[in-house]
Amino acid sequence: MRTLIKNIKELLQIRDASVKQVSGTDMKELPTIKNAYLLIENDLIADFGSMTNLQDYEVDTILDAANKIVLPAWCDSHTHIVYAGNRENEFVDRINGLTYEEIAANGGGILNSAKKLQETSEEELYEQSVKRLEEIMLLGTGAVEIKSGYGLTLEAELKMLRVIKRLSQNYPIEIKATFLGAHAFPKKFDTNKEAYINLIINEMLPKIAKEKLADFVDVFCETNYFSVAQTDTILNAARQHGLIPKIHVNQFTSIGGVQIGVEHNALSVDHLEIINEGDINSLKESQTMPVALPSCSYFLGIPYTPARQLMDNGLPMALASDYNPGSTPSGNMNFVVSTACIKMKMTPEEAINAATINGAYAMNIATTHGSITKGKKANLIITKDIPSYGFLPYAFGSNLIDQVVINGAIV
Ligand code: NIG
Ligand code: FE
């Protein structure tokens with residue numbers, strides 16, 4: 001099966017297969033071809049180039065993309081889209097003056113979602129989650145990481161991870177699963193936190209590894225959640241089971257989460273709303289991708305990750321949605337890219353790099369996703385008629401996507 005997309009006004013993010021991520025000033029560059037074609041063979045990008053060099057290919061389908069821009073589908077490396085119910089009541093509480101931390105301390109927050117999820121059947125959880133997965137695919141996401149962490153019991157964590165597995169079996173979108181048992185301490189472990197850590201290490205991790213339910217491990221390393229020492233203990237155990245760390249750090253406080261992530265060779269450290277020079281210095285010595293979640297900052301009214309400071313220090317940056325019921329009830333990567341430009345002063349080139357190739361790196365799929373490269377998955381966004389790619393983040397709030405292609409097929 002061959003599909004030719006021709007007369008593309010501009011084809012974005014053309015990369016050599018050797019490029020796995022872009023850092024620092026290189027992020028300002030977004031390689032493109034104007035007046036281009038792209039050939040899809042089955043699920044892969046077979047060829048692309050300037051229309052003037054188009055050969056006489058035999059194809060099954062031709063799409064005319066005159067006035068349209070084509071770019072790689074978004075790679076959303078941080079979400080929690082498998083959850084039960086919603087938390088709009090907490091949203092109203094925050095409007096009325098409570099903080100995210102105060103709501104959590106009153107039994108709301110993650111524990112509220114965990115209670116709902118524990119009471120929801122696996123089937124019902126799947127049905128609720130499918131809606132969100134289909135929604136983000138139509139919004140241009142072609143690869144997504146999904147975390148557990150609203151179960152907080154062996155049974156409920158397994159339920160979440162099995163739902164994630166079922167989603168990945170039933171949908172063409174690339175899905176990576178992350179075990180986030182260390183998202184919050186359940187109430188009954190209030191006076192014996194060590195017992196919950198032991199439950200994670202001795203019961204949850206072995207079972208999850210045995211059933212091959214997760215690629216990555218995550219910990220919410222934060223004041224009032226998991227300390228640096230507890231994070232260290234959990235990551236040590238998880239790595240012995242072959243799970244790669246990707247951790248929540250520095251959302252509200254800088255307590256050494258970045259350093260422990262780097263020490264464990266984490267694939268990414270995510271949030272980073274609050275960072276200091278020590279955090280930046282340890283990232284400089286690492287292969288770890290810093291991930292910003294601007295929709296979370298927008299929704300909670302907390303600081304934005306200082307992207308300019310990170311990139312001006314030569315570091316890479318990825319952008320992800322953090323789609324979850326508490327801090328970010330949105331998985332719209334188009335909004336993420338816009339918000340990164342508007343609020344974090346990333347240029348359109350930097351933001352698109354961060355949401356494609358660097359997002360793929362943060363999911364360990366940079367050899368197959370995140371750029372227009374021969375042999376990579378044909379995961380594409382075909383825009384509506386727009387004047388330039390800068391119009392994508394500029395016209396925030398408009399849906400500028402005409403078609404989404406995942407694994408060579410139109411969604
Ligand atoms: O990434 N900060 C930790 N976890 C999620 C929010 C979880 C929730 O409030 O339900 C986040 O923002
Ligand atoms: Fe998160």
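Values reported hereafter were calculated over all heavy atoms of this structure, with side chains retained and with hydrogens, waters and symmetry mates removed. This is a predicted model, so every value here is computed, not measured. Ligands are counted one by one from 1 in listed order, and the atoms in each one are counted from 1 as well.
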Practice task
Hey, can you tell me if Tyr298 and Phe335 have their rings parallel, tilted or perpendicular (30° and 60° cut-offs)?
Solution key: perpendicular
Completion exercise
Of all protein heavy atoms, the one nearest atom 4 (N) of ligand 1 is His183 NE2, 2.8 Å
Exercise for the section: Please could you name the atoms of ligand 1 that His78 approaches to less than 4.0 Å, counting only its heavy atoms? Expected result: 1 (O)
Practice task
Salt-bridge test for Glu157 and Lys147: reply yes if a basic N is under 4.0 Å from a carboxylate O, no otherwise.
Solution key: no
Handout entry: Contact check, Tyr150 vs ligand 1, heavy-atom distance below 4.0 Å
Key = yes
Exercise for the section: Measure the distance from atom 12 (O) of ligand 1 to every protein heavy atom, then report the residue, atom name and distance (to 0.1 Å) of the closest one. Expected result: Ser327 OG, 2.5 Å
Exercise for the section: Could you tell me whether the side chains of Glu222 and Thr253 share a donor-acceptor contact shorter than 3.5 Å? Expected result: yes
Problem - Minimum-distance protein heavy atom relative to atom 11 (C) of ligand 1 - result: Asp322 OD2, 3.1 Å
Handout entry: Pair Lys115 + Glu119, salt bridge at N-O below 4.0 Å
Key = yes
Problem - Check ion pair Lys28-Glu350 (N to O, under 4.0 angstrom) - result: yes
Fill in the blank from the handout: Looking only at protein heavy atoms, what sits closest to atom 6 (C) of ligand 1 is Tyr100 OH, 3.2 Å
Practice task
May I ask you to decide if the ring planes of Tyr196 and Phe185 are parallel, tilted or perpendicular, using 30° and 60° as cut-offs?
Solution key: perpendicular
Practice task
Determine whether the side chains of Tyr126 and Asn170 contain a donor N or O and an acceptor N or O closer than 3.5 Å.
Solution key: yes
Practice task
Decide whether Trp74 and Asn334 meet the rule of one side-chain donor and one side-chain acceptor closer than 3.5 Å.
Solution key: yes
Handout entry: N/O separation below 3.5 Å, Arg87 to ligand 1
Key = yes
Completion exercise
Value for CG (Leu283) from CD (Gln259), rounded to nearest 0.5 Å, stands at 8.0 Å
Fill in the blank from the handout: Near the Fe ion (ligand 2), meaning under 2.8 Å, the protein N/O/S atoms are His78 NE2, His80 NE2, His248 NE2, Asp322 OD1
Fill in the blank from the handout: Exactly one candidate in Val92, Asp93, Asn112 meets side-chain contact (heavy atoms from CB on, under 4.5 Å) with Arg87; the answer is Asn112
Problem - Structural part of Glu222 in contact with ligand 1, heavy atom criterion under 4.0 angstrom - result: neither
Practice task
Starting from atom 2 (N) of ligand 1, find the nearest protein heavy-atom neighbour and note its residue, name and distance.
Solution key: Gln251 OE1, 2.7 Å
Problem - Within-cut-off N or O pair, His248 and ligand 1, under 3.5 Å - result: yes
Problem - Basic-acidic side-chain contact under 4.0 Å: Glu155, Lys159 - result: no
